[in-house]
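As structure tokens, the structure follows; a few thoughts come after it.
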Amino acid sequence: MPPLIRACASIFASSIRLEMTSNRLGLLENYHIYRQALKLDTCVVVGAGFSGPPLETSKLSSAVAHVLQSNPWLFVVATPPEELFANPDKPTTSFMRRMDGITLKSAIRIVEDGSGEPGLNSIQEVMEQGLREPIDPSTPGPYWRLVYVKHLNFFLFAWHHVLGDGWTGRSVILSLFEALNNPTLPLLNANADADVRVEAPKGMTISPPIEELTNVSVSFRTLLPALSGLVIPPSWTFRDVWTGNDITSNTGIFRTRLRVISLPASTVSALRKKGKEHGATLTGIMHTAALVALSKLIADFDAEEKFKRITSIVPVSLRPKLRDISTTSDKNANLVGEYVSGYESSHYLTTMFSWDAAAAFSQALQKSFPRAIETIGLLGYLDGQFKSYFESKLGKKNSQTLEMSNLGPFPPSSSSSGNLQWRLEDLLFGQANAPASAIKLNVAGCPDGRVNFTVTWENWAVDDEFGEAFGREFELEMKRVAEEL
């Protein structure tokens with residue numbers, strides 16, 4: 001039965017809550033499993049710069065082993081692609097399974113000196129190279145890797161999106177530094193050549209999928225536009241929206257480009273202060289500045305004035321709206337897993353920053369939770385046909401102009417305060433996937449109040465000149481807004 005007919009038949013259903021077995025993945029998890037299996041995603045990365053002496057292999061291995069024991073979801077893998085696509089006529093629901101153990105040598109890479117490693121001579125290069133190396137779900141290894149770049153005092157943690165969102169990756173980095181600075185942590189007898197194996201904890205449990213923690217019913221207001229999107233192609237509905245080049249049909253060829261921007265704490269503080277005066281959050285300010293930067297660039301090359309609008313998606317963490325399953329008082333704040341959805345919006349091109357626009361977006365984003373949760377429910381109407389869904393996007397108009405993902409301020413943590421031997425100083429975040437947006441802006445707060453941005457784009461979505469120019473324009477616009485009277 002075609003997806004449209006299946007969806008129409010289900011319109012009057014009060015809910016699409018799924019009955020989950022203990023090892024079946026949820027809607028979002030299946031979405032990411034299929035996207036990765038079709039080679040339309042590489043990984044998500046979090047980078048961490050730190051101060052302190054070089055780490056010995058035994059110390060690093062001991063800390064990683066401790067992180068694994070306290071984060072059992074790092075032992076999880078899912079149905080490999082060859083099983084997913086074994087029967088082309090019948091969709092396969094992906095299941096997760098637990099690895100019995102992980103050999104640290106297979107998951108940790110130590111770079112002693114970048115001179116012999118192309119692409120590993122700066123933090124920007126390490127982040128970019130990390131996004132170009134997919135997590136391969138067809139191999140028996142874990143769905144993550146940790147790269148320690150010794151000469152840069154830098155960690156790169158990369159993971160398969162099915163394991164969790166950006167907040168999840170940040171939690172791993174925080175756990176790693178807490179373990180490194182734990183004086184009572186027993187040292188493993190490990191060297192660079194040792195095959196140290198960490199066994200999966202007994203009776204391990206992982207957080208349930210989002211549809212087990214909230215009602216993902218879909219209202220008519222959300223369902224009807226989604227149904228029309230199955231019939232009317234984006235090239236017609238969004239013909240006046242600039243979204244870069246069409247989505248590539250050459251899957252698996254990722255040439256992700258990345259640029260790092262950093263705003264000092266003084267600039268961030270000034271922006272927060274001005275935002276408070278105007279009723280705008282820092283996210284609203286960043287989003288509006290990004291729209292201005294994009295509008296200027298689009299106006300420069302669009303001599304025919306064919307494009308009038310920009311579309312954006314801003315992921316929001318749904319943790320505060322879920323049934324509380326935390327064992328502490330954090331109210332799901334540290335819940336690991338895929339617990340995000342996105343707020344989508346459309347905006348006319350504008351080359352002038354507006355505080356009214358920044359405030360309006362801030363308010364709309366704060367009210368977006370109900371619709372964002374329903375967006376996850378829409379995946380249920382695919383009836384498992386994720387492969388067909390993704391393949392139908394290839395060669396077509398891209399879905400968004402901009403995706404802006406903000407991890408928010410750096411959380412209070414023992415990894416960055418007190419008398420520490422290894423102190424976390426820098427945090428960066430990045431991702432690469434398709435179908436998605438022409439430009440991605442990934443945001444992470446640092447312990448000292450700075451905010452780091454990575455601008456990422458694919459070589460098929462926009463050319464390097466455009467991506468570089470956007471980074472420059474965005475940085476200038478943020479500084480100009482902070483300094484204006």
Side-chain angles (χ1 to χ4, degrees), residues 16-18 20-38 40-46 71-79 84 93-98 134-135 137 142-144 157-173 204-216 313-326 332-344 368-369 371-380 382 384 386 389-390 403 405-408 429-436 440 442:
I16 56 169
R17 186 187 301 275
L18 296 184
M20 311 284 299
T21 63
S22 59
N23 66 339
R24 174 182 277 179
L25 295 169
L27 294 169
L28 275 177
E29 289 79 11
N30 268 289
Y31 177 93
H32 289 303
I33 283 290
Y34 270 91
R35 186 166 71 175
Q36 190 90 4
L38 291 166
L40 291 169
D41 198 350
T42 63
C43 57
V44 193
V45 298
V46 166
N71 291 274
W73 54 274
L74 290 170
F75 290 89
V76 170
V77 293
T79 307
L84 281 181
T93 300
S94 183
F95 287 83
M96 63 184 181
R97 65 176 179 83
R98 183 195 72 174
I135 300 293
Y143 276 12
W144 58 272
F157 178 65
W159 69 99
H160 191 311
H161 220 320
V162 73
L163 295 183
D165 49 36
W167 287 272
T168 296
R170 182 176 66 180
S171 74
V172 170
I173 289 295
M204 60 172 276
T205 59
I206 63 171
S207 303
I210 197 168
E211 51 266 49
E212 290 190 2
L213 300 178
T214 190
N215 185 353
V216 294
I313 182 167
V314 176
V316 291
S317 174
L318 300 178
R319 289 165 176 79
K321 303 298 180 181
L322 305 179
R323 174 169 57 85
D324 185 11
I325 60 170
S326 61
N332 286 340
N334 296 313
L335 191 62
V336 295
E338 184 65 13
Y339 296 112
V340 296
S341 187
Y343 170 61
E344 299 183 35
S368 67
F369 284 103
R371 183 71 68 89
I373 291 173
E374 290 184 15
T375 301
I376 295 172
L378 284 172
L379 294 175
L382 292 176
F386 290 96
Y389 168 78
F390 283 119
E403 178 178 347
S405 303
N406 184 9
L407 297 188
F429 165 54
Q431 53 189 325
N433 51 61
K440 287 184 175 63
N442 312 289

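Values below: all heavy atoms of this structure, side chains included; hydrogens, waters and symmetry mates excluded.
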Please test Tyr339 against Trp167 for side chain to side chain contact (heavy atoms under 4.5 Å, CB included), starting from the C-alpha separation and ending with a verdict. CA-CA 9 Å; Tyr339 296 112; Trp167 287 272; over 6 Å; no

After noting the C-alpha distance and the side-chain angles of Arg323 and Thr214, does the key distance pass the side chain to side chain contact (heavy atoms under 4.5 Å, CB included) rule? CA-CA 6 Å; Arg323 174 169 57 85; Thr214 190; over 6 Å; no

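- Under the salt bridge (Lys or Arg N to Asp or Glu O under 4.0 Å) criterion, Arg98 pairs with Asp100, sequence neighbours left out.
- To the nearest 0.5 angstrom, Arg371 atom CZ is 11.0 Å from Ser341 atom OG.
- Using bins of under 30°, 30° to 60° and over 60° for the plane-to-plane angle, the ring pair His160/Tyr143 lands in the parallel bin.
- A donor-acceptor contact shorter than 3.5 Å links the side chain of Trp144 to the backbone of Leu74.
- Using a distance-only test at 3.5 Å, with no hydrogens or angles considered, no donor-acceptor pair links the side chain of Asn71 to the main chain of Trp73.
- For Trp159 against Gly169, the heavy-atom pair with the smallest separation is CH2-CA, 3.4 Å.
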Applying side chain to side chain contact (heavy atoms under 4.5 Å, CB included) to Arg170 and Phe429, what does each step give before you reach the verdict? CA-CA 9 Å; Arg170 182 176 66 180; Phe429 165 54; over 6 Å; no

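- Shown here for Ala158 and Val45, the closest heavy-atom pair between the two residues is CB-CG1, 3.7 Å.
- For the pair Thr168 and Leu163, the tightest heavy-atom approach, listed with the atom from each and the gap, is CG2-O, 4.1 Å.
- Considering every non-hydrogen atom in both Ile135 and Cys43, the closest pair reads CG1-CB, 3.8 Å.
- The side-chain hydrogen bond (donor to acceptor under 3.5 Å, both in side chains) search around Glu338 returns His32, His161, not counting sequence neighbours.
- Here the straight-line distance linking atom CG of Asn30 with atom CG of Leu84 works out to 8.0 Å at 0.5 Å rounding.
- Between Ile373 and the choices Val316, Leu322, Val216, the side chain to side chain contact (heavy atoms under 4.5 Å, CB included) rule is met once, by Val216.
- Taking the six-membered ring where tryptophan is involved, the planes of Tyr34 and Phe386 are essentially parallel, since the angle between them stays under 30° and well short of 60°.
- Looking only at distances, a side-chain donor or acceptor of Glu211 sits under 3.5 Å from a matching main-chain atom of Leu27.
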Quick one, Leu318 with Ile376, criterion side chain to side chain contact (heavy atoms under 4.5 Å, CB included). Give me CA distance, side-chain angles, the key distance, then yes/no. CA-CA 11 Å; Leu318 300 178; Ile376 295 172; 3.6 Å; yes

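- Heavy-atom minimum distance, Pro208 versus Leu213: CG-CD2, 3.7 Å.
- Put simply, the side chain of Ser368 does not reach to within 4.5 Å of the side chain of Glu344, judged on heavy atoms.
- A donor-acceptor distance shorter than 3.5 angstrom exists from the side chain of Gln36 to the backbone of Thr42, with no hydrogens or angles considered.
- A pairwise comparison of heavy atoms in Pro209 and Gly26 identifies CB-CA, 3.7 Å as the closest pair.
- With a 4.5 Å cut-off on side-chain heavy atoms, Val46 and Val172 do not count as touching.
- For Ser317, the side-chain hydrogen bond (donor to acceptor under 3.5 Å, both in side chains) criterion is met by Arg319, not counting sequence neighbours.
- Using a 4.5 Å heavy-atom cutoff, the side chains of Glu29 and Met96 are not in contact.
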